[in-house]
Amino acid sequence: MTKRPSTVRAAAALEAAEGLAAVGFGVYTGVETAAGAAVDPASAIGVTVLALAGGAGMLACARGLLRADQWSRAPAVLTQLFALPVAWSLWQGDRPAIAIPLGAVALLALVTVLSPPSTAWLIEDHDDDGETPAQPRKEPRGRPEKDAEPVRAAAEPRSLGQRLMDRLKEQPTKN
């Protein structure tokens, strides 16, 4: 596997920090709701569930970025695009102690995840890295090894577009 760029590590760290903050906020509102301190318990339960689910999603995106999962880039960008208006709203609501760090982290995360090194690394095909050429696949127990296909050697990284084109070529065509 090619070396992970520092921009991807930074983007994952920032996404994870936001995810941990969201989970922490969800736990806090959950405890406050359970203690009876919430003015509107139904809304507080909704906020708790959304904060916990959103935080878990952000943590999953951070893990996906570190693992070079191509799906993780879009939700990581979206969470930052959602965080910017929230930071602006907090700024207008005279909450600069929350608005400034949230806005700064969102901007930094956007810059790092959309940077050219991050983009290049995240679109590479890391699935085939580290495998030896022509190594037969293991069959489940009890099944004969007929028609065992060799594993492809990783000659060069393939982009998502190249993999999709390969799959389309493998599909049967209508006559």
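Predicted, not measured: the structure shown is a model, and the values here were computed from it.
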Return the set of residues passing side-chain contact (heavy atoms from CB on, under 4.5 Å) with [X] (not counting sequence neighbours), or none when no residue passes.
X: Arg9; value: Arg4, Ser6, Leu66
X: Ala99; value: Leu90, Trp91
X: Leu84; value: Ala106, Leu107, Leu110

If you compare all heavy atoms of [X] against all heavy atoms of [Y], which two are closest, and at what distance to 0.1 Å?
X: Leu122; Y: Gln70; result: O-CG, 3.0 Å
X: Pro117; Y: Pro5; result: O-CG, 3.7 Å
X: Gly64; Y: Trp71; result: CA-CZ2, 4.2 Å
X: Gly55; Y: Ala22; result: CA-CB, 3.7 Å
X: Thr33; Y: Thr29; result: OG1-O, 2.7 Å
X: Asp94; Y: Pro96; result: C-CD, 3.2 Å

Cut-off 3.5 Å, side chains only: do Thr7 and Thr112 have a donor facing an acceptor?
->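 No - no donor-acceptor pair under 3.5 Å links their side chains.
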
State yes or no: do [X] and [Y] share one hydrophobic cluster built from I, L, V, M, F, W and Y residues joined by side-chain heavy-atom distances below 4.5 Å, directly or via other members?
X: Trp121; Y: Leu114; answer: yes
X: Leu65; Y: Leu81; answer: yes
X: Leu108; Y: Val105; answer: yes
X: Leu14; Y: Val113; answer: no

Name each donor-acceptor pair under 3.5 Å that joins a side chain in residues 37-46 to protein atoms two or more places apart or in another chain, with its distance.
from  : atom 1 : to    : atom 2 : distance (Å)
Asp40 : OD2    : Ser43 : OG     : 2.6

Is the number of heavy atoms from other residues, nucleotides or ligands under 6.0 Å of Trp88 CH2 greater than 12?
->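 Counting neighbours around CH2 of Trp88, 12 or fewer heavy atoms of other residues, nucleotides or ligands fall under 6.0 Å, so no.
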
All side-chain hydrogen bond (donor to acceptor under 3.5 Å, both in side chains) counterparts of Gln80, not counting sequence neighbours =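 Checked Gln80 against side-chain hydrogen bond (donor to acceptor under 3.5 Å, both in side chains); matches are Glu15, Glu18.
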
Are Thr48 and Phe25 close enough that some pair of their side-chain heavy atoms sits under 4.5 Å apart?
->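 Sidechains of Phe25 and Thr48: no contact.
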
About how many Å separate OG of Ser89 and CG of Leu102, when rounded to the nearest 0.5 Å?
->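 Going from the CG atom of Leu102 to the OG atom of Ser89 covers 10.5 Å.
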
Atom CZ of Arg67 and atom OG of Ser72: how far apart are they, to the nearest 0.5 Å?
->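 Spacing of CZ (Arg67) from OG (Ser72) equals 9.5 Å.
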
With a cutoff of under 4.5 Å between side-chain heavy atoms, which Ile, Leu, Val, Met, Phe, Trp and Tyr residues group with Val27?
->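 Members other than Val27 - counting any ILVMFWY side chain reachable under 4.5 Å - are Leu20, Val23, Val31, Leu52, Leu59.
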
Side chain of Thr79, backbone of Pro75: donor and acceptor closer than 3.5 Å?
->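 Answer holds: yes.
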
